[in-house]
**Q** 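Supplied in structure tokens, the structure appears directly below.
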Amino acid sequence: MNEETHQKLMKIKRSFRLLMSGPTSQSMTQKGLGYKINWGVPFIELKKMALEYGKDYELAIELWKEDIRECKILATLIMPAEKMLPEITDIWMEQVKSQEMAEMLAFNLLQHVDYAPAIAYEWIATDKTLYEIAGFQLLARLFANGQEANERGINEFLDQAAVALQGDNMGIKHAAANCVLRFADLGEEYEKIARAALKGIFEL
């Protein structure tokens, strides 16, 4: 790590103390959002901080290495999408420990990478909870941005959504339901396809 990046990292970590929210941090800890340190800093404050620092690859890499909730969220906000290589995504996703972070990674960063559809379809087909949640949330963002799937993609998505919606995990069910709604928003034809595929499973 170069000296400039090191100084930025130290400054950011110090600033979290000033922004910390004790009750939020305590509530997150009780819900099992286990990080070594969790300051409970609101997302809106982290977004402001991200604007101040701008896109910064080196800083994002170093921030992600910290087992601190706020550092990881900030990393997803300042990593330039064009420099987020698939192998870095693999490493980061392996280190995700909470639903919150899976969603942050999908919303803040991965929806902007050019290989987003490929990983989204891959992840919804795994049996790993956080990967499935990230995959469905990522697909939901792509649908919301008007990206349409091809026929094979549509069939694959609806098959996986049907399985998820009939499963026991509330996090996956919520992500899948949100994704189906975004898919239906693409247009009347898409809504019809979803209704037919998910009849008796999910009401649109």
Side-chain angles (χ1 to χ4, degrees), residues 9 12-13 15-17 19-51 53 55-81 83-113 115-116 118-142 144 164 167 169-179 182:
L9 183 62
I12 286 168
K13 286 166 78 173
S15 70
F16 290 148
R17 282 189 175 82
L19 296 166
M20 77 173 284
S21 162
T24 307
S25 172
Q26 194 178 357
S27 159
M28 288 178 173
T29 304
Q30 284 164 354
K31 287 176 190 156
L33 294 187
Y35 304 93
K36 194 174 89 179
I37 300 175
N38 176 356
W39 295 108
V41 176
F43 181 60
I44 194 158
E45 295 295 341
L46 296 171
K47 277 186 90 168
K48 282 185 204 164
M49 209 183 274
L51 286 173
Y53 285 91
K55 296 296 181 188
D56 187 328
Y57 174 83
E58 304 294 339
L59 184 57
I61 290 290
E62 295 306 323
L63 281 165
W64 185 266
K65 288 178 186 172
E66 301 284 333
D67 193 12
I68 298 171
R69 170 185 171 266
E70 287 73 14
C71 284
K72 288 193 182 297
I73 292 174
L74 203 52
T76 68
L77 289 165
I78 68 170
M79 170 62 91
K83 291 190 177 177
M84 187 66 176
L85 301 174
E87 47 268 38
I88 303 173
T89 294
D90 288 343
I91 293 166
W92 283 25
M93 195 58 208
E94 276 170 24
Q95 295 166 353
V96 166
K97 294 180 195 163
S98 70
Q99 181 173 334
E100 179 195 35
M101 198 56 65
E103 290 172 350
M104 288 283 174
L105 191 53
F107 289 150
N108 301 341
L109 178 57
L110 297 180
Q111 66 163 311
H112 304 296
V113 302
Y115 52 87
I119 55 171
Y121 283 107
E122 182 188 324
W123 290 355
I124 64 171
T126 67
D127 55 359
K128 299 177 189 167
T129 299
L130 295 176
Y131 279 78
E132 284 189 67
I133 289 170
F136 278 120
Q137 296 290 23
L138 184 49
L139 260 188
R141 291 310 306 154
L142 297 177
N169 187 291
M170 287 312 293
I172 296 173
K173 282 170 94 159
H174 177 76
N178 178 46
C179 197
R182 297 290 78 79

**Q** Rounded to the nearest 0.5 Å, what's the gap from CG on L74 to CD on E66? Could you check?
**A**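 It is 11.5 Å, given to the nearest 0.5 Å.
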
**Q** Give a yes or no on whether H112 atom NE2 has more than 12 heavy-atom contacts from other residues, nucleotides or ligands under 6.0 Å away.
**A** yes

**Q** Between A60 and A75, which heavy-atom pair has the shortest distance, and what is it?
**A** O-CB, 3.4 Å

**Q** Describe, in one word, how the ring planes of Y131 and W123 are oriented to each other, choosing from parallel (under 30°), tilted (30 to 60°) and perpendicular (over 60°).
**A** perpendicular

**Q** Tell me whether L51 at atom CG has more than 12 heavy atoms from other residues, nucleotides or ligands lying less than 6.0 Å away.
**A** yes

**Q** Measuring from W64:CH2 to L105:CG, what's the distance to the nearest 0.5 Å?
**A** 5.0 Å

**Q** So with a 6.0 Å cut-off around NZ of K83, is the heavy-atom count from everything else above 12?
**A** no

**Q** For K72, is there an ion pair with D67 - N to carboxylate O distance below 4.0 angstrom?
**A**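 Here D67 does not pair with K72 in a salt bridge, since their nearest N and O are not under 4.0 Å apart.
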
**Q** For the residue pair A134 and A106, what are the closest heavy atoms and their distance?
**A** O-CB, 3.8 Å

**Q** Considering only NZ, NE, NH1 and NH2 on the basic side and carboxylate oxygens on the acidic side, decide whether K13 and E70 come within less than 4.0 Å.
**A**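 No, K13 and E70 are not salt-bridged.
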
**Q** Looking only at heavy atoms, what is the nearest atom pair of A120 and L139, with distance?
**A** CB-CG, 3.7 Å

**Q** Measure the NE2-CD distance between H174 and Q137 for me, rounded to the nearest 0.5 Å.
**A** 6.0 Å

**Q** Determine the minimum heavy-atom distance between L130 and A102, stating which atoms define it.
**A** O-CB, 3.8 Å

**Q** Between Q111 and F107 (side chain of the first, backbone of the second, donor and acceptor by atom type, cut-off under 3.5 Å), is there such a pair?
**A** yes

**Q** Identify the two heavy atoms, one from A50 and one from L77, that lie closest to each other, and give their separation to 0.1 Å.
**A** CB-CB, 3.7 Å

**Q** Just to verify, which of T89, D56, L110, I61 counts as forming a side-chain contact (heavy atoms from CB on, under 4.5 Å) with M79?
**A** I61

**Q** So, taking the atom named CE in M93 and the one named CD1 in I119, what distance separates them when rounded to the nearest 0.5 Å?
**A**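 Atom-to-atom, M93:CE and I119:CD1 are 9.0 Å apart.
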
**Q** Is there a side chain to side chain contact (heavy atoms under 4.5 Å, CB included) between L63 and I68 once you walk through the steps?
**A** CA-CA 8 Å; L63 281 165; I68 298 171; over 6 Å; no

**Q** For the SG atom of C179 and the CG atom of L142, what is their distance to the nearest 0.5 Å?
**A** 8.5 Å

**Q** Assess the residue pair Y115 and M84 against the criterion (side chain to side chain contact (heavy atoms under 4.5 Å, CB included)); give the C-alpha distance rounded to whole Å, side-chain angles, the decisive distance to 0.1 Å, and a yes or no.
**A** CA-CA 10 Å; Y115 52 87; M84 187 66 176; 3.8 Å; yes

**Q** Stepwise, does the side chain to side chain contact (heavy atoms under 4.5 Å, CB included) test hold for Y57 with I78?
**A** CA-CA 7 Å; Y57 174 83; I78 68 170; over 6 Å; no

**Q** What do the steps show when you test W92 against E87 for side chain to side chain contact (heavy atoms under 4.5 Å, CB included), and what is the final call?
**A** CA-CA 9 Å; W92 283 25; E87 47 268 38; over 6 Å; no

**Q** Locate the shortest heavy-atom distance separating I124 from F136; write the atom from each residue and the value.
**A**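 Scanning both residues, the minimum pair turns out to be CG2-N, 3.4 Å.
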
**Q** Drop me the distance from E100's CD to F43's CZ, to the nearest 0.5 angstrom.
**A**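 Here the rounded value is 9.0 Å.
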
